[in-house]
Amino acid sequence: MDLVIGPLDLSAHVDEALAVQALAFGLGADEVAVRRQIVLRHMTFPDARALGATAGGRLVGFVYGMPNDRTHWWSTVVESYLRAQHNDIWLDDSFVITELHVHPHHQNRGIGRTLITTITDGADEPRSILSAIDTDSPARGLYHSLGYQDLARQVLFPSAPKPYAVMGAPLPLRRR
């Protein structure tokens, strides 16, 4: 497989990225439309950046994130859950992994690991935070293997059908 990982102009490739996310996450057209607006707004934030993984010239995975800001919607939702666990300090000086998705046909090949370690290697912050569906999944297994620990569990986001876990890790991420 001719895999290339590098910077991604996510605003210009939002539809390709969301097609990958829709397959990886099982999203319908209505949810993709909502997420499209969110991604485009996020990419206007200072220091937001994205990486893509291409194979044969096609996008097969992507990650994007930014330095955390306590005024952003995600932070306002997770703050009370983190505070209850005495972990709300993680909202300061952290790089947030906003989305990480790999096309199902390309999973379990190290692409997600490479995307997340590469984007966090470029972060100025001393730690990284993210949220993931709160189940025993390959994604959570990947995050744990990189050094992410559960900071809060059973986090409920408005309109999300399943609870999430908020996870954090010191940077640089642990390598295998």
Side-chain angles (χ1 to χ4, degrees), residues 4-14 17-18 20-21 24-25 35-54 59-102 107 110-134 137-153 155 157 160 164-176:
V4 177
I5 294 181
L8 174 66
D9 180 348
L10 189 52
S11 295
H13 296 277
V14 66
L18 289 175
V20 170
Q21 184 176 3
F25 219 53
R35 289 178 183 246
R36 185 178 198 281
Q37 297 308 310
I38 293 168
V39 170
L40 292 173
R41 182 174 27 102
H42 283 165
M43 295 314 296
T44 67
F45 292 171
D47 300 318
R49 59 187 180 278
L51 296 175
T54 57
L59 189 69
V60 298
F62 74 100
V63 63
Y64 83 93
M66 64 199 79
N68 192 51
D69 182 328
R70 282 183 179 252
T71 66
H72 291 167
W73 176 84
W74 181 84
S75 289
T76 64
V77 173
V78 303
E79 183 176 15
S80 63
Y81 293 93
L82 291 172
R83 190 179 324 106
Q85 300 299 316
H86 308 288
N87 285 325
D88 58 311
I89 189 70
W90 279 83
L91 293 172
D92 300 320
D93 298 320
S94 293
F95 186 82
V96 179
I97 300 299
T98 308
E99 299 287 352
L100 170 63
H101 299 286
V102 177
Q107 291 176 359
I111 295 170
R113 177 179 296 277
T114 301
L115 285 167
I116 195 170
T117 57
T118 303
I119 201 166
T120 57
D121 282 349
D124 293 329
E125 295 75 21
R127 56 186 162 230
S128 173
I129 55 176
L130 56 80
S131 56
I133 294 175
D134 195 0
S137 66
R140 293 216 340 120
L142 168 64
Y143 302 143
H144 283 299
S145 77
L146 292 166
Y148 285 88
Q149 298 296 315
D150 293 335
L151 303 174
R153 308 249 345 241
V155 175
F157 288 100
Y164 279 70
V166 176
M167 304 175 76
L171 295 180
L173 294 176
R174 182 170 56 208
R175 304 290 201 246
R176 270 198 216 219

May I ask you to test the [X]-[Y] pair for a side-chain heavy-atom distance under 4.5 Å?
{"X": "Ile116", "Y": "Leu130", "answer": "yes"}
{"X": "Val60", "Y": "Thr54", "answer": "no"}
{"X": "Arg140", "Y": "Met167", "answer": "yes"}
{"X": "Tyr81", "Y": "Leu151", "answer": "no"}
{"X": "His13", "Y": "Phe62", "answer": "no"}
{"X": "Phe25", "Y": "Arg35", "answer": "yes"}
{"X": "Asp93", "Y": "Pro126", "answer": "yes"}
{"X": "His72", "Y": "Met66", "answer": "yes"}

Just by distance, do the side chain of Asp150 and the backbone of Ala152 share a donor-acceptor pair under 3.5 Å?
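No; zero donor-acceptor contacts below 3.5 Å.
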I'd like to know if the side chain of Ser128 and the backbone of Ala169 have a donor-acceptor N/O pair within less than 3.5 Å.
no
So Tyr64 and His42, would you call those rings parallel, tilted or perpendicular, with 30° and 60° as cut-offs?
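Judged by the thresholds at 30° and 60°, the geometry between Tyr64 and His42 is tilted.
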Would the Trp74 and Tyr164 ring centres measure less than 6.0 Å apart?
no
For the [atom1] atom of [X] and the [atom2] atom of [Y], what is their distance to the nearest 0.5 Å?
{"X": "Thr120", "Y": "Leu171", "atom1": "OG1", "atom2": "CG", "result": "5.0 Å"}
{"X": "Ile38", "Y": "Arg36", "atom1": "CD1", "atom2": "CZ", "result": "12.5 Å"}
{"X": "Ser80", "Y": "Gln85", "atom1": "OG", "atom2": "CD", "result": "11.0 Å"}
{"X": "Leu173", "Y": "Arg113", "atom1": "CG", "atom2": "CZ", "result": "9.5 Å"}
{"X": "Ser94", "Y": "Arg127", "atom1": "OG", "atom2": "CZ", "result": "4.5 Å"}
{"X": "Leu115", "Y": "His101", "atom1": "CG", "atom2": "NE2", "result": "11.5 Å"}

Derivation of the side chain to side chain contact (heavy atoms under 4.5 Å, CB included) call for Leu91 and Ile129
CA-CA 8 Å; Leu91 293 172; Ile129 55 176; 3.9 Å; yes
Taking all heavy atoms of [X] and all of [Y], pick out the closest pair and write down the distance.
{"X": "Ile111", "Y": "Ala53", "value": "CG2-CB, 3.7 Å"}
{"X": "Pro170", "Y": "Gly147", "value": "CD-O, 4.3 Å"}
{"X": "Thr98", "Y": "Gly65", "value": "OG1-CA, 3.6 Å"}
{"X": "Ile97", "Y": "Leu100", "value": "CG2-CB, 4.3 Å"}
{"X": "Ala50", "Y": "Ile119", "value": "CA-CD1, 4.3 Å"}
{"X": "Asp88", "Y": "Arg70", "value": "O-NH2, 2.7 Å"}

Just do the side chain to side chain contact (heavy atoms under 4.5 Å, CB included) check on Leu18 and Glu99 with the steps written out, would you?
CA-CA 10 Å; Leu18 289 175; Glu99 299 287 352; over 6 Å; no
How far apart are the C-alpha atoms of Leu82 and Glu79, what are their side-chain angles, what is the distance that settles it, and do they pass the side chain to side chain contact (heavy atoms under 4.5 Å, CB included) test?
CA-CA 5 Å; Leu82 291 172; Glu79 183 176 15; 5.8 Å; no
Given salt bridge (Lys or Arg N to Asp or Glu O under 4.0 Å), test Asp124 with Arg49 step by step and report yes or no.
CA-CA 13 Å; Asp124 293 329; Arg49 59 187 180 278; over 6 Å; no
Ion pair present between Asp121 and Arg175, side-chain N to carboxylate O less than 4.0 angstrom?
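The answer is yes: the pair qualifies as a salt bridge.
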Going by distance alone, is a donor N or O of one side chain under 3.5 Å from an acceptor N or O of the other, for Ser75 and Asn68?
yes
